[in-house]
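See below for the structure under consideration.
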Amino acid sequence: MGKDGLNSITNQIVIAMIAGLVVGIALYFIMPHAAYLKTYLVNGFFNLIGAIFISGLKMLVVPVVFVSLVCGVSSLSDIKAVGRIGGVSVLFYLATTAIAITIAVSLATIVSPGEGMKTSQMAGEAMVKEAPPFVQVIINMVPKNPVAALAQGEMLQIIVFSIVFGIALTMAGEKGQRISNFFNSANDVVMQMVIIIMKIAPYGVFCLLAKTFSELGFDVIMPLAAYFFTVIAALAIHFAVVYGLIIWVFTGLNPMLFYQKMRGPQMFAFSTASSNATIPVNLENAEHRLGASNKVASFTIPLGATINMDGTAIMQGVATVFLANVFVVDLGLGGYVAIVLTATLASIGTAGVPGVGLIMLALVLKQVGVPVEGIALIVGVDRLLDMLRTAVNITGDAAITCVVAKTENALDEEVFNDPKAGEIKA
Ligand code: ASP
């Protein structure tokens, strides 16, 4: 890595991430002998900086999505494009999720994790919440009160309101133009705020990861190793093969450049385990590093963070097969089809925040008759898997953003092909 490389914020975050990981794991072993480290360093300093960093990211989500989407929609010359972009992206999001879960279920069937495992190994109570019914998810997309939607960060509601607002701006002609100009300037301002957060990210990422890894129970992984590593293998296949192919086939561009430019947002997703919190960074990256225009990315990135969860679906597929093995439930072909369908729908209903994928797993388990209490069995290893699957989730959002941008003739290939484009200096 040359001097130039060290100057880039992405490389600094990589270094911070590795350092956080190493320090965290070291602390995991040292802490039992030095309680003050836990009190002052992990729960004190690391917690403070990490929490401020996450709050800073979350602070930007609503302003970025609202302002950027209003800009995006009002810049579309014809309103039909909104429907087209929406339709194509939802189609791709659903298809990639279905592929993800098919890979997961196939791999899990081959590896067959959990076979012969005694159910008596089950510990603790499952924390299961009821998943909202699908129809309700659709009804809830329209906000009764847009201010409440913004205040509570209801992503789908904000998306719907921003689209209607953006369309109305165009329809209002000259008067709308003044407000459009205001939003365009505001967009530049919120993007600068994203850059500020990215500049402090190395410190935030270091503290978050050091804290998380100092608390992870590594000893719980071994009894569940087959489950744990099957999820990781399925995530890796989907990540490396499916997204690469999607970029290559549908945009004709070099997948390696895509992966290289996704490192930044992936690290944010990994350390926060939240697609939602990663929206501002993923959006900034999609526009300035990948070359997707604002009119597409401002719509597809927040939408993807809300409804497209390939990594989560993968975990749910493997978990269902694993628990079916543990509880000796015969899934049959119908069961596998049901898993693919319900996990795809569950992924739409899963909010992009830490750990929700596990709650939505209840929906899939119920559908195929596997005891929901089984969730208690895998909860111990979920944190690490959550971090990994969130990185996959947001990579999917960016890949589909490139594809939709390409179909709309809104992908700046010069930017995409320039390895240094949009790079933020530390
Ligand atoms: N943490 C995931 C995300 O934000 C959701 C989940 O699988 O729990 O994308």
Side-chain angles (χ1 to χ4, degrees), residues 50 53-55 57-58 60-62 64-65 93-94 96-97 100-101 103-104 126-129 131-132 137 153-156 205 208-209 212 216 227-228 230-232 234-235 238-239 243 262 265-283 285-286 300-320 322 339 342-365 375-376 378-401:
F53 171 61
I54 293 218
S55 298
L57 267 175
K58 288 188 181 158
L60 297 185
V61 174
V62 171
V64 164
V65 172
Y93 282 150
L94 289 181
T96 45
T97 307
I101 181 146
I103 292 175
M127 320 156 297
V128 178
K129 270 197 225 155
V137 174
E154 289 289 344
M155 209 43 65
L156 286 179
V205 166
L208 267 185
L209 288 191
T212 309
L216 274 185
Y227 162 74
F228 186 79
T230 310
V231 175
I232 295 183
L235 287 174
H238 189 70
F239 178 86
Y243 295 144
M262 281 308 293
Q266 279 160 359
M267 283 179 296
F268 277 81
F270 181 77
S271 23
T272 61
S274 168
S275 308
N276 253 3
T278 313
I279 292 173
V281 178
N282 207 14
L283 183 57
N285 190 71
T300 52
I301 293 287
L303 183 70
T306 317
I307 69 163
N308 182 47
M309 311 261 167
D310 297 353
T312 302
I314 284 173
M315 175 278 286
Q316 291 172 340
V318 178
T320 309
F322 169 69
I339 297 176
T342 18
T344 306
L345 293 182
S347 126
I348 299 178
T350 305
V353 288
V356 197
L358 207 60
I359 294 168
M360 295 302 277
L361 173 62
L363 190 85
V364 186
L365 293 179
I375 292 179
I378 51 175
V379 75
V381 292
D382 197 60
R383 174 70 195 176
L384 197 52
L385 293 180
D386 194 7
M387 297 163 85
L388 290 168
R389 68 178 179 252
T390 307
V392 173
N393 287 346
I394 62 107
T395 307
D397 304 340
I400 302 306
T401 296

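Ligands are counted one by one from 1 in listed order, and the atoms in each one are counted from 1 as well.
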For ligand 1, which atoms, with element, lie under 4.0 Å from some heavy atom of [X]?
{"X": "D386", "value": "1 (N), 2 (C), 6 (C), 7 (O), 8 (O)"}
{"X": "G355", "value": "8 (O)"}
{"X": "A273", "value": "1 (N), 4 (O)"}
{"X": "T312", "value": "5 (C), 6 (C), 7 (O)"}
{"X": "V356", "value": "8 (O)"}
{"X": "S274", "value": "4 (O)"}
{"X": "P354", "value": "1 (N)"}

Main-chain N/O of [Y] paired with [X] side-chain donor or acceptor, under 3.5 Å:
{"X": "N282", "Y": "P265", "answer": "no"}
{"X": "Y93", "Y": "T300", "answer": "yes"}
{"X": "N393", "Y": "T312", "answer": "yes"}

Query - All side-chain hydrogen bond (donor to acceptor under 3.5 Å, both in side chains) counterparts of T320, not counting sequence neighbours - result: none
Query - Derivation and outcome, side-chain contact (heavy atoms from CB on, under 4.5 Å), residues T390 and F270 - result: CA-CA 6 Å; T390 307; F270 181 77; over 6 Å; no
Query raised in the report: If you measure from each non-hydrogen atom of M309 to ligand 1, which part falls under 4.0 Å: side chain, backbone, both or neither?
Result: side chain
Return the closest protein heavy atom for [atom] as residue, atom name and distance.
{"atom": "atom 8 (O) of ligand 1", "value": "G357 N, 2.7 Å"}
{"atom": "atom 9 (O) of ligand 1", "value": "S275 OG, 2.4 Å"}
{"atom": "atom 5 (C) of ligand 1", "value": "V353 O, 3.6 Å"}

Any N or O of [X] that comes nearer than 3.5 Å to an N or O of ligand 1?
{"X": "L358", "result": "no"}
{"X": "T350", "result": "no"}
{"X": "T390", "result": "yes"}
{"X": "G352", "result": "yes"}

**Report entry** A346 versus L363, closest heavy-atom pair with distance
**Finding:**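 Result for this residue pair: CB-CD2, 3.6 Å.
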Query raised in the report: Would a 4.5 Å heavy-atom cut-off, applied to side chains only, mark L209 and V205 as touching?
Result: yes
Query raised in the report: Pairs in or reaching into residues 266-276: which pass side-chain hydrogen bond (donor to acceptor under 3.5 Å, both in side chains), with residues at least two apart or in two chains?
Result: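 Non-adjacent pairs meeting side-chain hydrogen bond (donor to acceptor under 3.5 Å, both in side chains): Q266-T395.
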Query raised in the report: When you check the side-chain N and O atoms of S347 and D310, is any donor under 3.5 Å from an acceptor?
Result: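 There is no such pair between these side chains.
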Report task. May I ask you to decide if the ring planes of H238 and Y243 are parallel, tilted or perpendicular, using 30° and 60° as cut-offs? Result ->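 Aromatic pair H238/Y243 classed perpendicular.
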